[in-house]
Amino acid sequence: MSTSGQPQFRYTQTPSKVLHLRNLPWECIEEELIELCKPFGKIVNTKCNVGANRNQAFVEFADLNQAISMVSYYASSSEPAQVRGKTVYIQYSNRHEIVNNKSPGDVPGNVLLVTIEGVEVGDVSIDVIHLVFSAFGFVHKIATFEKAAGFQALIQFSDAETASAARNALNERSIPRYLLPEHVNSCHLRISYSAHTDLNIKFQSHRSRDYTNPYLPVNPTAIEGVVQPALGPDGKRKEPESNVLLASIENMQYAVNVDVLHTVFSAFGTVQKIAIFEKNGQTQALVQYPDVSIAAVAREALEGHCIYDGGYCKLHLSYSRHTDLNVKAYSDKSRDYTIPDASLLASQVSGLPGAPAVWQNPRPGPIYAGNDYNTGGSVPAQYPSRQMAPWDASMQAGRAPFGSVPSTYPGQNFAVATSQIPSAVSSMGFSSGFPPNVRPGGASSSSQLQPGIPPNVRPSGGPPPGHPTYYGQ
DNA sequence: AGCACA
């Protein structure tokens, strides 16, 4: 104890493979140390950013003589050791090896782990990340994911040199604002090295890319991509618009058939075709409008809304790549409302004044003539005025929107307790997509929803007075 | 400008 652990001072230090460097520029990086020291021997370890000012470092040579040669050289040199123009003071360290030199993230490799701070999921698209990091070399692969640390991305370069060039340039910096959505204020990149050398990308998707393999299949279950469309370099949604919407129906506790979907989507314009199908165990539907603008309004209005109360049959909408569906004109999974069906049309509007001949409707509703159609009340009531609701006859403006779509289809068994009865298609979706000049009549306005208010909250919690319960008891 | 790490 008495002789060990004594501080050692200039000129009295015993040589060590480890050199202590002081007065380094702030956040001096390993590459700069190596550049300075490698003329004297093989560097086996470094420790950067030591000390309160993070301006000290340690360098460990493979051999003691190499360290000695460096100290000796600068002891007698007229030119001091320099990094970025700053004089660096070099001495033997009082330790003989660098221990715990690096956290794993400091071990250079060809794959970077990038933590993007201060952003929400979806604010920074994989395309923006690709753009930013491609400035340093070919980006082979990107995988993004959510961790406790935040939004992270693994970015694979060809080699560690390219990766470290990107890291040195971008670490602790921010992605340029013009590449980000407007609401993003800060976007700090914290970059370390990943232990990975080759990422295993299974699909091209909104969260992972393999730029070396353009034939890699697109993720078939990229449903989340629907909820969070990728952002283009301009920060705007780049999902191409279409007149055909793809609806994914989540939590489908109740049957959703073609007619229900027709009722829901007709509120925004003519529905031309509908196709329902199963994908990965989830029901999806394609709904075709005549043009993109109607589809856009419907998408905006219906996205995230539930067809029925209680979070049942929640809709997620995206634009389909299709523009014209090829569907069976009339099946239980599809409908083509553009094909005039004599028998349907004949029965459809018989006896109706002002029968909407022009408004080629579609709805095979009258097939169910005799069933209580009154229940559907408020959906038609909220039709944009330029359109004529197909089932005008039975519709009464002003009714509360508790129409129970399922009830109109007696073939279906909705024998559930009344308290569990889903309230209705009718009350959904009108929070924003509605033409402003259209005022639903009378009492139904009580159910008009303000933006931000969940669509299916029943104003009074039960079927409207005077309406029979249409469900099996 | 004077010695880290856990």
Side-chain angles (χ1 to χ4, degrees), chain A residues 1-109 111-115 117 147-150 152 160 163-165 167-173 188-196:
Chain A
M1 291 286 188
S2 56
T3 57
S4 64
Q6 294 295 315
Q8 293 179 306
F9 300 97
R10 200 192 301 244
Y11 310 123
T12 66
Q13 293 165 305
T14 56
S16 164
K17 299 197 302 268
V18 181
L19 300 183
H20 177 226
L21 290 77
R22 292 177 282 118
N23 202 36
L24 290 161
W26 183 78
E27 296 248 316
C28 172
I29 60 173
E30 178 182 52
E31 283 70 19
E32 293 171 299
L33 294 182
I34 292 173
E35 201 59 36
L36 176 70
C37 304
K38 73 181 179 189
F40 302 95
K42 180 176 169 57
I43 296 138
V44 296
N45 223 339
T46 65
K47 175 70 186 170
C48 305
N49 301 323
V50 169
N53 296 326
R54 298 173 62 80
N55 62 350
Q56 302 177 37
F58 297 93
V59 172
E60 180 178 341
F61 282 98
D63 186 85
L64 177 63
N65 289 328
Q66 297 167 345
I68 291 171
S69 72
M70 183 168 184
V71 170
S72 304
Y73 175 84
Y74 284 112
S76 60
S77 170
S78 56
E79 294 291 319
Q82 288 188 329
V83 171
R84 289 186 227 168
K86 282 193 77 178
T87 295
V88 177
Y89 301 91
I90 303 170
Q91 298 170 262
Y92 299 113
S93 172
N94 51 23
R95 301 192 194 182
H96 288 84
E97 63 180 356
I98 294 177
V99 293
N100 270 342
N101 168 51
K102 292 165 182 171
S103 58
D106 291 327
V107 179
V111 177
L112 296 178
L113 172 62
V114 180
T115 302
E117 299 174 335
K147 277 284 177 64
Q152 294 191 309
S164 70
R167 185 181 106 113
N168 295 338
L170 296 174
N171 194 17
E172 305 297 338
R173 306 195 64 154
H188 255 70
L189 301 177
R190 192 138 288 158
I191 305 177
S192 61
Y193 294 101
S194 166
H196 291 94

Quick one: which of [options] gets closest to the side chain of [X]?
X: A:I98; options: B:dA4, B:dC3, B:dA1; result: B:dA4
X: A:V50; options: B:dC3, B:dA4, B:dA1; result: B:dA4
X: A:S93; options: B:dA4, B:dG2, B:dA1; result: B:dA4

Tell me: [atom1] of [X] to [atom2] of [N], nearest whole Å?
X: A:E97; N: B:dC3; atom1: CD; atom2: P; answer: 20 Å
X: A:L19; N: B:dC3; atom1: CG; atom2: P; answer: 15 Å
X: A:N53; N: B:dG2; atom1: CG; atom2: P; answer: 8 Å
X: A:N45; N: B:dA4; atom1: CG; atom2: P; answer: 16 Å
X: A:W26; N: B:dA1; atom1: CH2; atom2: C1'; answer: 19 Å
X: A:Q56; N: B:dA1; atom1: CD; atom2: C1'; answer: 8 Å
X: A:R54; N: B:dC3; atom1: CZ; atom2: P; answer: 17 Å
X: A:Q91; N: B:dA4; atom1: CD; atom2: P; answer: 13 Å

Distance-minimising heavy-atom pair for A:M70 and A:I90: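 It is CE-CD1, 3.5 Å.
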Give the minimum heavy-atom separation between A:L170 and A:L189, together with the two atoms involved.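 Smallest heavy-atom distance, with atoms named: O-CB, 3.8 Å.
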Among A:R22, A:H20, A:K47, exactly one meets side chain to side chain donor-acceptor pair (under 3.5 Å) together with A:Q56. Which residue is that?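 By the side chain to side chain donor-acceptor pair (under 3.5 Å) criterion, A:Q56 pairs with just one of A:R22, A:H20, A:K47: A:H20.
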State which residues pass side chain to side chain contact (heavy atoms under 4.5 Å, CB included) with A:H188; sequence neighbours excluded, sorted by chain then number.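 Side chain to side chain contact (heavy atoms under 4.5 Å, CB included) check on A:H188 returns A:E117, A:E172.
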Looking for any heavy atom pair under 4.0 Å, which part of the strands does A:E60 touch: base, sugar-phosphate only, or nothing?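 Counting heavy atoms under 4.0 Å across all strands, no contact is made by A:E60.
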Is A:Y89 stacked on the base of B:dA1 when the test is centres under 5.5 angstrom and planes under 30 degrees?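 A:Y89 vs B:dA1: stacking yes.
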Would you kindly compare A:G51 and A:N55 by the position of their nearest DNA chain B nucleotide and give the one closer to the 5′ end?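 Counting from the 5' end, the first nearest nucleotide belongs to A:N55.
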Can you confirm if the aromatic rings of A:Y73 and A:F40 lie within a centre distance of less than 6.0 Å?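 Here the rings of A:Y73 and A:F40 have centres that are less than 6.0 Å from each other.
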